Amino acid sequence: MAVAELAQVIVDVPTLQTNRPYTYQVPPKLEHQIQVGMRVIVPFGKGKRSVQGFVVGLDQPADFQGTLKQITALMDLVPVVNSEMMQLSHWLADKTYSFWISCLYTMLPNMLKAKSKRIVKLVQPLAPEDQAIFGQQNVLDYSLVQNQASIVSRLLTLKRAGKVQFEYQVQDRARVKTVAQIQPVLTVDEYKQLRSKTRANATAQRKMLDYLQSIVGQQVLISQAQKTTHLSSANFRQAEDKGWISMQQIEQYRQPFGAELTDPAAKDPLYLNLDQQRALASVKQSIDNRQSTVFLLQGVTGSGKTEVYLQAMAHALQQGKTALLMVPEISLTPQIAERVRARFSSQVAVLHSGLSAGERYDEWRRIERGEAQVVVGARSAVFAPLKNIGIIIMDEEHETSYKQDDAPRYHSREVAKWRAKYHHAPLLLGSATPSLESYSRALAGNYQLLQLPHRVNKRPLPPIKIVDMRPEVQRRGESNFSTALLTALQERLTKHEQSILMLNRRGFSSFIMCRDCGFVLKCPNCDISLTMHLDTHTMRCHYCGHEEPIPQRCPQCHGRHIRYYGTGTEKATKELQALLPTARILRMDVDTTRRKGMHEKLLQKFGSGQADILLGTQMIAKGLDFPNVTLVGVLNADTGLDLPDFRASERSFDLLSQVSGRAGRADKKGQVIVQTFNPDNYVIRLVQAHDYRKFFNTEMQIRQLASYPPYYYTIRLMGSHEDEQVAAKMMYDIRQELGKQLASDTMILGPTPRAIARLKKRYYYQIVIKYRQDPQLHSLLTKIMQEAQNKYQRGAELAIDPDPQYFL
Ligand code: ADP
Ligand code: ZN
C-alpha cells in the first residue's frame with residue numbers, strides 16, 4: 001500500500017461548525033509529503049468552494065461510501081501543529097464546548113489562518129460593457145464590488161448565462177520578512193582598477209568602489225551599507241548590474257522588543273534569602289525528578305517571587321529544557337519581560353496581543369524552531385510551541401485575564417496543567433492573593449504550598465491609612481482628593497519622591513445623567529451607558545464602538561442639567577493639576593495607551609523620574625517595581641465592591657492589595673492612602689490589616705452559604721438572538737432538557753436576561769448551573785451544544801462557558 005491514501009481533515013467552514021473530520025483522498029503526488037498537523041486546501045460542499053483545513057489523521061477508514069474528494073494542495077512543508085498540540089486542541093475543544101477548528105486557530109498565530117476570498121472568474125468572452133467590470137483582468141475580487149447593487153445583479157445574470165463563475169480562493173497570509181544583503185564579488189585590486197578608470201566627477205561610483213574595497217569578504221545588509229555610504233538603493237542596484245556585487249534576500253525576524261535593556265545589573269542572579277531558597281529547592285527537585293507537581297507560591301508583594309521564577313527557569317535551562325512564564329496582561333509585560341530578557345538575553349521570545357501579526361508569527365517560529373527556549377507572555381502564550389518544557393510559571397495566578405471570554409473559553413491555568421503533565425514538568429502558580437480556588441486546593445494538599453511571608457530584606461509592608469470620604473465631601477464638596485491625600489502628595493513633591501494614584505474604574509464609567517429626569521445616555525445597540533471622552537468630544541460605547549456627540553440638553557426632558565457622573569482619569573488629572581500646579585502628572589488609561597508602545601513609554605518616563613505622579617486605572621496596580629515610589633493612593637476603593645457578581649469582594653481585595661504593594665519596595669518607607677465611602681467594609685479592613693488568611697476564611701464562609709465556587713462548580717449557558725422571544729424560548733427549552741437529567745444536588749438558575757441584556761443588537765438570556773459532582777453533565781451539555789446548531793431558529797446562538805469568571 002502506498003503511503004497515506006486517505007487523510008482526515010478538520011475544515012474551516014464558519015457556517016458548518018463541527019468537530020467531525022472529513023475524509024479526503026490524497027493525490028499521488030502528495031502522498032509522500034502529507035503529514036498530520038499540516039494545513040491543506042480542500043474542496044468543500046457543492047459548488048466550487050475551497051477552504052483551509054488541518055490534517056488530523058491519516059489512513060483511517062472512511063465512514064463514507066462513495067467517491068471521496070481530493071485534497072487540492074498542501075500549504076505547509078512541515079506540520080504547523082505538532083503532536084502535543086494536536087492532542088491539546090482536541091482536549092480543549094471537548095473541555096470548552098467549542099469547535100476543534102477554533103481551538104487550532106486559537107493556538108496558532110493569526111497569520112496561519114488563511115484568508116478565504118470570493119472571486120469571479122471569466123468563462124466566456126464578454127460584451128465590452130461587461131468586460132469593463134473586469135478591466136484588463138479575467139478574475140475579479142468580489143469583495144470590491146459586493147456593495148454595488150447594479151454590478152452584483154449584472155454578475156448574477158452573467159453567471160446564469162454561464163459566462164462567469166463564482167469561486168472561493170484560499171490565500172495563505174503567512175509572510176516571511178526578508179531583507180536585501182550585498183556581497184562584493186571582486187577582489188580589492190579589481191575594485192582599485194575600476195576606480196582608476198572612473199571619471200573624476202563620477203562621485204557616486206567612486207564612493208561605491210571605495211566602499212566595496214573596504215568590505216571585501218563580508219556580507220552587509222543593504223540598509224547598513226546605505227547608512228555608511230549615503231548612497232541610494234538605486235546605486236547598489238546599478239552596482240549589481242555592473243557585476244560589482246551580488247545581492248540576496250535573506251529572512252529576517254521582525255523584532256518586537258523596544259528600546260535596548262536599561263538595567264545591566266539585572267543580568268546576574270541575586271543571592272536568595274532563606275524563604276526563597278526553600279521555595280526554589282522544592283521546585284528544582286520537581287524539575288529534576290520530572291514530576292508535574294503544582295506549586296502555589298504565595299508571597300506578599302515585593303517578597304521576591306520574580307527572582308524565584310528566574311532562578312527556577314535558569315535551572316530548567318541548565319537541564320537542557322525550556323521554560324514558560326505567563327503574566328496576566330500586556331501592561332505587566334514590559335517590566336517583567338525586561339527582567340527575563342536581562343537574565344536570558346536572546347533565548348527569550350515574547351508573545352502577547354500587543355505584537356503585530358508579523359512579529360507574533362516570527363516569535364512563534366523562533367520558539368517552534370527551538371531558537372528561543374524561554375517564553376514570556378500573556379494568556380495565549382500558554383500555547384507557545386515549546387518542546388521539552390522543564391517548568392511552567394504563572395504569575396498573579398488569580399488574575400481573571402487568564403480566562404478567555406470568547407470561544408474557546410479556556411483558562412490558561414487549566415491548559416498549563418495539561419501541558420505540565422504532558423511534559424512531566426512542575427507548574428508554579430504565584431500570587432500575593434491567590435484565587436480562593438487555588439488556595440483551598442493548596443490547603444487540601446492538591447497543590448503544594450510554598451510561602452514567602454516577608455518582603456525582601458524584611459522591609460515592612462506599607463501602612464495603610466483609610467480616609468472616610470463622607471465628611472470630606474460634606475466639608476469641601478465633591479472632589480477626588482481628600483486633604484490627607486493632598487498633604488501626602490505635597491510631601492512627596494518636596495522630598496522628590498514619586499506617587500502612584502489609582503482610580504478604580506472596574507464596572508464603572510463616566511457616563512452622562514440628567515439631574516432633572518434621571519435620563520442616562522445609552523448605546524442604541526448595547527443597552528449600556530456611553531462613556532464620555534473629552535479628547536474626541538464624543539460619547540462612546542466600549543462594547544461596540546458606537547460614537548455620538550456629547551449632548552448639551554437632555555434628549556428626554558430637554559433640561560440643561562445634564563452632567564457627567566462618576567469621574568474619569570482625565571477629569572481627576574485636571575483636578576489634581578489645579579490643586580498641585582507644580583506637579584508633573586502622567587495619566588495612564590485605555591486612552592493614553594491605545595497606541596502601540598505608549599504603555600512602555602509612559603512607564604519609562606515615570607521610571608526615569610520625568611514625572612512625580614502616575615495617575616491611572618487599575619492597569620497600574622500590578623507588577624510595577626519603582627524604587628522611588630513611596631506613596632500609593634486609591635481614589636475610590638468602593639467601586640467594584642457592590643457589583644452583582646459573587647467574586648466582587650475577592651476582586652476588590654486582590655486589587656487593593658496589589659496596588660498597595662507598589663509602595664515602599666526599595667529602601668525608602670512606603671505609605672498607602674485608601675479613600676472610601678464604606679470605611680467599615682470587611683474587605684477594606686482586611687486589606688488594611690494585610691490579612692489574606694482572614695479574608696480567605698471570611699469569604700469562604702460566604703461562598704459555602706451561597707453554594708458558590710470553590711464549593712460548587714459553575715457553568716454558564718448563554719443564548720442569543722436578534723429577537724428577544726427567540727432567545728428566551730431557546731433557553732427555556734434547554735432548561736427543560738437539563739432539568740430531566742441532572743444530579744439531585746445540581747442547581748439550575750434562570751433563564752434570566754443578562755445584566756447587559758442587549759449587546760451588539762442581540763438579546764441574551766443565560767442559565768447558570770451550579771454542581772458538585774454530576775457525571776452526566778458534560779456529555780449532556782456537549783449534546784445540547786451540538787444540537788443547538790440545527791434545532792433552533794436561524795440566527796440563534798448558544799455559548800457554553802465552563803467556569804465563568806464574570807456573570808454580568
Ligand atoms: P515580587 O515578585 O514578589 O513582587 P520581586 O521579585 O519583584 O517581588 O522583588 C522585589 C524587589 O526585591 C525587586 O527589586 C528585586 O530585585 C528585589 N529582590 C528580590 N529578591 C532579592 C534578594 N534575594 N536579594 C535582594 N533583593 C532581592
Ligand atoms: Zn454599543
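In listed order, ligands and their atoms are each counted from 1. This chain uses plain numbering: 1 for the first residue, then up along the sequence. None of the values given here were measured: they were computed from a predicted structure.
The side chain of D625, and not its backbone, has at least one atom closer than 4.0 Å to an atom of ligand 1 (non-hydrogen atoms only; side chain from C-beta on). At a heavy-atom distance under 4.0 Å, only side-chain atoms of L270, from C-beta outward, approach ligand 1.
The residue among L272, L297, T306 with a heavy atom at the shortest distance from atom 2 (O) of ligand 1 is T306.
When atom types are taken as modelled, the side chain of E396 and the backbone of V327 share no donor-acceptor pair closer than 3.5 angstrom.
Scored by the ring pair (Phe, Tyr, Trp, His ring centres under 6.0 Å) test, F677 finds no partners at all (sequence neighbours excluded).
Ligand 1 has a nitrogen or oxygen under 3.5 angstrom from a nitrogen or oxygen of G302.
Nearest protein heavy-atom neighbour of atom 20 (N) of ligand 1: Q276 NE2, 3.1 Å. The closest protein non-hydrogen atom to atom 5 (P) of ligand 1 is G304 CA, 3.7 Å. Of the protein's heavy atoms, Y271 O, 3.7 Å lies nearest to atom 24 (N) of ligand 1. Shortest contact from atom 12 (O) of ligand 1 to any protein heavy atom: V456 CG2, 3.8 Å.
Counted by atom type alone, T400 and Q805 present zero donor-acceptor pairs between their side chains at under 3.5 Å. In this structure, a donor-acceptor pair under 3.5 Å is present between the side chains of D395 and Y309. The closest side-chain donor-acceptor pair between Y682 and E699 falls under 3.5 angstrom. Remark: the R492 side chain and the Q671 side chain contain an N/O donor-acceptor pair separated by less than 3.5 Å.
Residue G299 places no heavy atom under 4.0 Å from ligand 1. By the 4.0 Å heavy-atom criterion, R339 is counted among the residues contacting ligand 1.
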For residues 291-298, which side-chain donor-acceptor pairs fall under 3.5 Å, sequence neighbours excluded?
| residue | atom | partner | partner atom | Å |
| --- | --- | --- | --- | --- |
| T293 | OG1 | S286 | OG | 2.9 |
| Q298 | OE1 | Q451 | NE2 | 3.1 |

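For ligand 1, the atoms sitting less than 4.0 Å from at least one non-hydrogen atom of N273 are 23 (N), numbered in the order shown with element in parentheses. Remark: ligand 1 atoms within the under-4.0 Å shell around heavy atoms of E307 are 6 (O), 20 (N).
Between W364 and Y361, the ring-plane angle classifies as parallel under the 30° and 60° cut-offs.
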